[in-house]
Amino acid sequence: MQTAMNRILVAAIGILLASGNAFALTAYVSNERDNTISVVDMDQMKTIKTIDVGQRPRGILLTKDEKDILVCASDDDTIQIIDRATLQIVGSLPSGPDPETFALRDSGNPLYVSNENDNMVTVIDVPTRKVLAQIPTGVEPEGMAVSPDGQTIVNTSETTNMAHFIDYQTRKVVANVLVDARPRVAMFKHDGSQVWVSSELGGTVSIIDTAKRAVVGKINFAVQGLRSDVIQPVGIRFTKDDATAFVALGPANRVAVIDTKTQKVEKYLLVGQRVWQMAFTPDEKYLLTTNGLSNDISVIDVADQKVIKSIQVGRLPWGVAVAAQ
Amino acid sequence: MSHFGGMKRPNRNVRNGISRRHAVALLLAASALPSTARADEPAIQIGYIRSMERHPTISLLDKPTPNAGLAGATLGLDDDNTTGRLQGQSFALIDVPVHPNTDVVAALEGLATKGVKLVMTDLPADAVLKLADAGRAHGMTVFNLAAPDDTLRQQDCRNDLIHVAPSRAMLADAVGQYLVWKKWTRWYLVYGSHPEDKLLADAYRRTATRFGAKIVAEKLFADTGGSRETDSGVAETQQQIPRQTQGAPDYDVLIAADENEVFAGYLPFRTWDARPVAGSAGLEPTTWDASSESWGGTQLQDRFERLFHRQMMPLDMQAWTGVRMVGEAASRTGSSDPDKIMAYMKGSDFGIAAYKGQRLTLRDWDWQLRQPILLADGRTVVSISPQPGFLHQVTELDTLGIDRPETKCKLQ
C-alpha cells in the first residue's frame, strides 16, 4: 500500500485527479517566513511539496467542498485561493488590509476575516469574491470564530483585549466581553454552548457562556520548571464530543489537555518550539500542531495523548488545515 | 518662573530647535487623524507637556523628529479610542509643547484649568519633579515618559508620579545581565563629563557589583564641544578614538556612558583593542527598536509607519505605553473618572500589554513600570533582559533596577 501510494505520488497529478477520490490524507501548513505552504502527506508523514504563495502567509483553511485552500497573505493584503488539485493559485479574495485569520460559516459562506492593521472584520461572499461588509471592532483584530448555528461571529482584538460578538443577520457588534491581555484564538464548542478565548499575555483561557455573553470560567496553566510568562496560550481545539480541549501554549512548547467538564488541565504534551495553531485529522486520530521556532509540526495521537512524530515544514509555520480526503 | 533645560549643552539646541510653526503644523496633522470616539461621556483628557528641545545626535539616523513622542502618544490615543468606542468611552490628548526656558508649571496650571488630571511629560528630571509637586494641589498624576534618573524613583519619589521610562539602574542591569550571561565580565567603563553620564556610570558600577562583573579600568571622556562628525570628522575620529582607548588592562567589553551623544557613537570599530562596545553605543538598552517584531511588534510598527511615515522610536513607545496605560485602566474599570482610573492602575490587577512578551505592571514601592529591556545593535534586537538564570522570588523583571528591599522611596 505504501509503495503503491509512493508510486502514485510521483506519477502525474492529473491522472490522480481523474481517479477521483485519490488524495492521501493531506495537511497544508502556512509558513509565515518562507512565503510558502508545505503540503504534508499524512500517510507518509512527510512534506511532499512546497507551494510558493504571497507574503507572510498565516491563516489557512479549506473551502467547504475542499476543492480550494484559502490562505491569508497578510503582507500582500489579500487572501489567495489555491486549487487543491493543481496546487496553483487560481484567484484571490478582497480581504482588506493585513488579513491574519479567518473563519468560514459552516454552510461554507460567507468568510469572516480579521484585518489586523485596520481594526476591522471583513465579510466576504466566497462564490462572487465580493466584500459584503466591513465591521469595526477593536485594536488588532485576531481570532475569528463562527458559532455552529451560524448566528454568532466572535472576533478577538489583541490590544483592546475583548471578544466581540457579532450578529450574523445585522452584521453589528452586539456584545463586547473583556478578557485577559492579548486574546488570540476564539473557538466554539461543537454544541455551541461556550466559546473559549485564549489570552497570550494573560496566560489564561476565558470560558465565555454563549447565551450570557459573559466569562463564566477561567483556565490557568502551570508547568513545572517554566516561568509563567512563557506560558502563552494560542490555538484551541475541541474533540467532536466536546469532552477534551487542547490548548497550544506558545513558547512553553507544550499543548495542554483539558477536561472540559472539570475545566482542569490533565496533561501537558511536549511538542516543538513556539506551538501556535492546531488541527485535527478528520477521523480525529491525530492532532497536528505548528511549531514556529522549530520549523516543524508535531503529530499528537489523540487517543493515547502522546506526541508520536514531528514533520519538518518551512520556516515559521503558523497555521494548519487538514483535508478530509 | 520654573525653567528646564539650558544647563546641559550650550550652543547645541539652537540649531535643532523646533520652531513654533512646525509645532502648529504638527498639531493640525494630528487632529486630522480619524477619531472614532463616541461622546456618551465626557472625554478622558490626557495632557502631554512635551519638550521641544532637540539635541544633535552622532548618527543622522537617530535625529529626533519634530513629533518625537507625540506620534507614539497619538497612536496610543487612537488605540484607546478604538477600544473606548466599544464601551462608550472617549479619550482626548492635549498637546502642550514647551520650549527651553518655558515656565513648565504655568503649562501644568493651564492643563489644570481645563480639568486635565492625567499628564504625560518627557521633560528632564528636575522639571518632572516640579510638575509632580505643582500637580498635587490639583489632584493630578504625572507620567514620567523619559527621565531615567533613579533619584526620581528613590529619595524624590512621589505617590502621584508614575515612571513609564526605565531607570538608569534598570538599563544598566539589562546590559550587565547580558554581558554576564555572555561571560564578558571584565568591563572597561568610559564615561562622559556631563552630570547624566556620571549617574549612568554609577549605575554601571552598581550593576557590576550586583552581578559579579569587574570594571578593570575607567576613563573620562571630556566633552570639549568639538566631536561632531563633519567632512574631516571621519579621519579625526579614526585617529583619536584608538589613541584615547589605548592602554587599558585586558578587558572583554567597553561600556560607554554617554547620554548626550558626545562620543559613544564613535567607539565601535575604532577602539585600540578589538573589543565590542555596549551601553550608549554598540549594544544599547532600549524600550523599543524599529526592528522589534516579536509578540505582535510587527503590527505596531505597521500601524505606526502607516500613520507617521517613519520608524517608531523609543520615546514614541514610552508615550504610547503611558497613554495606553490610561486606556487600559479606563477599559477595565469602565470608568472615565481619573481617580478611579488611577486607583485601578495602582492596584494589583493592572497590567499592560506592550509588545514585550509579558504584561508590564507597576512596582508598588516607587510606581516604576516593570518591563523587559530590549538590547539592540541598531539592526536587530540582540537579546531581551532579564536574562535566563537571573532569578527572583516575585518576578524576574525585578532583577532590573532598584528592588523593594533596596528602595529609599517613601511614597506620599
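The sequence lines fix the lettering, A, B, ..., with proteins before strands; numbering per chain opens at 1.
For A/D98 and B/R303, the salt-bridge test fails: no basic side-chain N is under 4.0 Å from an acidic carboxylate O.
Within a 6.0 Å sphere centred on CD of B/Q311, heavy atoms belonging to other residues, nucleotides or ligands number 12 at most. Within a 6.0 Å radius of CZ in A/R33, other residues, nucleotides and ligands contribute 12 heavy atoms or fewer.
Residue contact with chain B, scored on non-hydrogen atoms closer than 4.5 Å, is absent for A/P251. Contact of B/E293 with chain A is made through the side chain alone, with heavy-atom distances under 4.5 Å. Proximity to chain A is limited to the side chain of B/T298, based on heavy atoms less than 4.5 angstrom apart. In this structure, chain A has heavy atoms under 4.5 Å from both the backbone and the side chain of B/R332. Of the atoms belonging to A/R56, it is side-chain heavy atoms, and not backbone ones, that fall under 4.5 Å from chain B. Both the backbone and the side chain of A/D229 come within less than 4.5 Å of a heavy atom of chain B. Proximity to chain B is limited to the side chain of A/N119, based on heavy atoms less than 4.5 angstrom apart.
Chain B forms more heavy-atom pairs under 4.5 Å with one residue of A/E100, A/Q232, A/E140, A/R182 than with any other, namely A/E140. For the options B/I352, B/T395, B/D302, heavy-atom pairs under 4.5 Å to chain A are most numerous at B/D302.
Taking the side chain as every heavy atom from C-beta outward, A/T159 and B/T83 never approach each other to under 4.5 Å. The closest side-chain heavy-atom distance from A/L178 to B/S331 is below 4.5 Å.
Minimum heavy-atom separation, A/L201 to B/A353: CD1-CB, 3.4 Å. Shown here for A/T160 and B/L86, the closest heavy-atom pair between the two residues is CG2-CD1, 4.1 Å.
Using a distance-only test at 3.5 Å, with no hydrogens or angles considered, no donor-acceptor pair links the side chain of B/E328 to the main chain of A/N161. In this structure, the side chain of B/R85 engages the main chain of A/T137 through a donor-acceptor pair within 3.5 Å. Not a single donor-acceptor pair under 3.5 Å links the side chain of A/R227 to the backbone N or O of B/E396.
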